[in-house]
Amino acid sequence: MTIYDWIVIGAGITGSALAYELSKQKFKVLLLEKDVVPNNATVYSYGGLAYWSGTNQLTRQLCQEGIELHRNLSEELEADTEFRELDLVLTIDKEDDPIQILQNYSQFAVTPELLDLQAACELEPLLNPKAIAGILKLPHGHIHPQKTAQAYQQAFLRLGGTIVYEPVIKLLGSEHLIQGVVTSQNTYYAANTVVCAGGLTRSLLKQSDIVVKNYFTHAQLITTPPVDFKLRSIIMPARQQRFALEATASEIEQQSLWDRLDDQPIQSILDAGAVQFLDGSLCIGQISGIITNPNVKFDQSLAEVKIRQQVAKILPFVEKIPGNFHHCLVAFTTNSIAVIGNVKNWSGVYVFNGFTSPLVFVPPLARRFANWVAGKKDQIIVQLNNDCQ
Ligand SMILES: Cc1cc2nc3c(=O)[nH]c(=O)nc-3n(C[C@H](O)[C@H](O)[C@H](O)COP(=O)(O)OP(=O)(O)OC[C@H]3O[C@@H](n4cnc5c(N)ncnc54)[C@H](O)[C@@H]3O)c2cc1C
């Protein structure tokens, strides 16, 4: 019988990076993923690296570590993550006051540049000048998120790691000790199990009566095949509603709705944005909603029309281009930048999930976490571990 040092559940960007970093520390690691064809938040992500967005010493340090790590990641993993420096264009609504909107960004490490209508359209000619009052421009990084996850997985396999495609049904153990997992086909044993199951982390842990401060939104978006139009930047609204939506999660927790698996939407918002990948394909979105049932079904045609109409106000070319609708769960937490560390009152089980700015924070924190469990001191992981208790 094989006993692994670590089982990692979930092969999105989070689990893939962590499995690789744990293997680099010479642990014997099994990465378990339920889907052979990925259908997760990583695959539908814009791929933006918001390294300008640090608001305190901790997040500024992680932003800096994250962008530096990404700049060298293709070389380290021996596969192209499609990293590039790309402007982030934050559109300001016609009815908003640009100066007021700019002030909303004063807490970030990098101050955005405010561009008037003419300068905005010179920078991004596909913008509709009738819909905006101007833009904020920020230096941003960009990767292909799924190619990055795959690059981590390939490097993990080269280090001797194992990937198995089976859904984890439950954690194995009792009396507050987890000793492995049960999948649809097998039982796997490990000294430690770490859950990186994105939006499904909460329901998986709940089966073992483990409750973590981990929530999820339902994201709805459209992806397109390569198109002839050429976007020069990542487009998002300067007034993003998603953060306010996520903040309501703590109120929801008080009402214990999260444990009732309701189908009723608590709230849903649309942040109109788009990004183009190097092959010319686009990701256009996104509707975010809180519904505590992870398996709820959506009216696809209605959502697709809504997204196209809203995004086309800013970028008229998206109205008629071909595309496919997708839905995925996006994990988040409210009182920290992520849920990282060992689960309170349990042995052998950890969580590494629910990141704000996951694509910039996950690589440095996966490295730090692996070093920490290998016995090296790490104040940042200790702090985040305390936050999640
Ligand atoms: C439209 C959109 C745009 C975004 N843009 C950005 C952006 O620009 N920058 C940024 O930083 N973030 C962005 N995000 C968020 C970011 O993409 C996600 O938060 C991140 O990819 C989550 O990674 P993850 O590994 O935690 O989760 P996921 O990618 O969801 O992976 C979790 C994995 O766990 C697996 N799993 C779940 N349960 C089980 C089980 N029981 N057994 C086995 N496997 C299981 C799932 O199949 C899945 O593969 C965006 C998200 C969306 C939807």
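In each ligand, atom 1 is the first atom listed, and ligand 1 is the first ligand listed. Everything numeric in this text was worked out from a predicted model, so none of it was measured.
Side-chain contact check for H140 versus W52: some heavy-atom pair is nearer than 4.5 Å. In this structure, L69 and R367 have side chains that are in contact, with non-hydrogen atoms separated by less than 4.5 Å.
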Tabulated below should be the N or O atoms of ligand 1 paired with protein N or O atoms at under 3.5 Å; can you produce that?
unit_1, atom_1, unit_2, atom_2, d
ligand 1, 5 (N), S45, OG, 3.4
ligand 1, 5 (N), Y46, N, 3.2
ligand 1, 8 (O), G48, N, 2.9
ligand 1, 9 (N), G48, O, 2.9
ligand 1, 11 (O), P358, N, 3.4
ligand 1, 11 (O), L359, N, 2.9
ligand 1, 17 (O), A41, O, 3.4
ligand 1, 17 (O), S45, OG, 3.0
ligand 1, 21 (O), T42, N, 3.4
ligand 1, 21 (O), T42, OG1, 2.9
ligand 1, 23 (O), T42, OG1, 3.3
ligand 1, 25 (O), I13, N, 3.3
ligand 1, 25 (O), T14, N, 3.1
ligand 1, 25 (O), T14, OG1, 3.1
ligand 1, 26 (O), T14, OG1, 2.9
ligand 1, 29 (O), A41, N, 3.4
ligand 1, 29 (O), T42, N, 2.9
ligand 1, 29 (O), T42, OG1, 2.6
ligand 1, 30 (O), A41, N, 3.2
ligand 1, 41 (N), V168, O, 2.9
ligand 1, 42 (N), V168, N, 2.9
ligand 1, 44 (N), K34, N, 3.1
ligand 1, 47 (O), E33, OE2, 2.7
ligand 1, 49 (O), E33, OE1, 2.6
ligand 1, 49 (O), E33, OE2, 3.2
ligand 1, 49 (O), N40, ND2, 2.9

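The salt bridge (charged side-chain N to carboxylate O under 4.0 Å, His left out) test with R71 singles out one residue from E85, E76, E65, and that residue is E85.
Inspection of the T183 and N186 side chains reveals no N or O donor paired with an N or O acceptor under 3.5 Å.
Using cut-offs of 30° and 60° on the angle between ring planes, the pair H326 and Y44 is parallel.
A salt bridge is absent between E124 and R232; no separation between the charged side-chain nitrogens and carboxylate oxygens falls under 4.0 Å.
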